[in-house]
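Counting starts at 1 for both ligands and their atoms, following the listed order.
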Amino acid sequence: MQRWSARIDPPWSLDAWRAAARQGLAATVAPEQIDWLEGTEASLLDAPALAGAATSGDSGAPARVSKAFLELATSVLCHRDPQRLPLLYRLLWRIAHGQREVLSNPADADVLRANALAQAVRRDSHKMKAFVRFRQVPGEDDAFIAWFEPDHHIVDRVAPFFARRFAGMRWAILTPSRSAYWDGSQLSAGPGAQRSDAPADDSREELWRTYYASIFNPARLNERMMRQEMPVKYWKHLPEATLLPRLVRDAGTRVEEMHAREALAPQRRIPEAPLLPSAAAARAAEALPDSLTAQRHRATACRRCALWEPATQTVFGEGPADARVMLIGEQPGDREDLSGRPFVGPAGQLLDRVLAEAGIDRTTLYLTNAVKHFRFQRRGKVRVHQRPDREHVQACRSWLAGEIEQVRPDTVVCLGATAASALLGAAFRFSEGRGQWHTLHDGTPALVTVHPSWVLRQGEGAAREAAHALLLADIRKLGAPPAV
Ligand code: SF4
């Protein structure tokens with residue numbers, strides 16, 4: 001069997017891979033005939049270059065592939081698995097030889113593997129966005145360097161995100177195999193560096209640690225989730241990581257102290273004034289980059305609409321910052337308003353049951369609401385839920401957009417008409433679009449279903465069971481999101 005070699009340099013380049021793959025198809029070179037090489041890697045087989053293979057006259061028109069395949073290939077190429085190059089060519093070969101729909105079969109072994117590689121790259125990219133910490137270059141006011149150790153070839157893929165986010169400063173992100181530079185107007189890339197090339201610390205880190213310690217809530221500590229969201233291997237990049245062992249160790253004692261203080265405090269169900277962050281912590285939050293944590297903290301002081309005033313506190317979303325699925329409800333209810341956490345009241349408990357029945361672990365999801373303050377009408381001692389107006393949804397939109405921007409979920413679920421119209425536009429007709437997949441403006445698939453509180457409002461008996469079954473059937477569709 002004649003063998004050929006195809007070199008992909010740089011190893012994550014879609015253009016380089018595409019040129020080789022086109023040549024392979026044009027010359028009718030089967031997948032098992034190609035020895036794929038990365039960068040300057042030497043060939044063990046000494047096979048001639050694929051570029052020299054004669055194209056056959058009967059190879060026909062070049063294979064046309066879908067946008068979904070190109071997007072998949074772009075991600076897969078960034079993985080470090082050397083088998084990704086033959087895997088992609090094998091998929092392309094199958095598409096070109098009669099299996100055009102192969103990508104829509106998620107059980108196919110090649111598709112399964114390619115999706116897993118792409119998912120790992122997306123996760124690594126997300127971690128880089130979340131855990132890069134710039135340090136000021138000594139003696140320079142607006143120059144910053146960060147050190148990071150990604151698992152895959154993602155520097156070129158993620159660098160444009162930092163260029164947009166930190167457009168006003170000069171920065172470099174150094175990694176062992178590749179570095180990215182931004183001079184304020186131009187993005188460029190270069191070879192890898194060493195950790196010692198980046199500054200070890202800077203004066204702003206003390207500010208960040210102070211801020212982090214001030215917002216750390218021991219009552220909300222979930223160590224397993226925290227380690228999922230912030231894996232230990234990234235701690236070496238994070239200034240706040242030095243605080244974590246102490247904060248985690250002392251959490252139990254601090255919660256007991258909080259309970260003791262609560263027992264002494266006068267019993268009042270609804271605080272007259274909302275809880276405000278301290279001025280120092282608010283100033284510190286303003287100085288921080290737009291992480292999810294910083295946004296959550298800024299939202300505590302939001303006054304963009306009138307809902308903040310009678311409510312107890314802002315109820316921001318919660319869940320892993322790299323959650324693949326984001327669930328969006330309408331607004332916090334009475335229990336959420338008092339606890340400061342989304343979906344903990346009766347509707348949240350029903351949602352938990354539905355998720356469990358659908359085999360979905362709630363701790364893997366990011367849960368939030370279109371509106372972050374509880375709107376209610378007081379009737380005696382009871383606070384009765386009132387639906388937010390369009391102006392409230394509009395005012396709160398930037399918080400929701402910030403959460404989506406930070407989490408970048410693969411899919412979004414709109415629970416109820418308010419969430420659906422917040423994301424899909426005021427013209428969206430809930431009764432027609434419920435139970436179906438839609439597409440957000442950035443291409444993210446969005447499933448629309450009923451809010452669990454609607455299920456609760458059906459009372460007991462057959463109507464309630466039917467409503468429960470409808471919500472469950474919709475949530476199960478998360479197992480098969482549409483191909484993007
Ligand atoms: S509801 Fe949203 S926009 Fe209105 S005050 Fe609260 S956080 Fe701000």
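- Residues E403 and L292 have side chains in contact (heavy-atom distance under 4.5 Å, counting atoms from C-beta outward).
- Taking each heavy atom of L471 and V450 in turn, the nearest pair found is CD1-O, 3.5 Å.
- Listed by chain and residue number, the protein N/O/S atoms under 2.8 Å of atom 6 (Fe) of ligand 1 are H373 ND1, with waters left out.
- Taking the six-membered ring for Trp and the full ring otherwise, F166 and F134 have centroids separated by under 6.0 Å.
- Using a 4.0 Å cut-off between charged side-chain N and carboxylate O, R122 and D322 make no salt bridge.
- Between R341 and E318 there is a salt bridge, since a side-chain N of the basic residue sits under 4.0 Å from a carboxylate O of the acidic one.
- Cation-pi geometry between R304 and W399 is met: under 6.0 angstrom from the ring centre, within 45 degrees of the axis.
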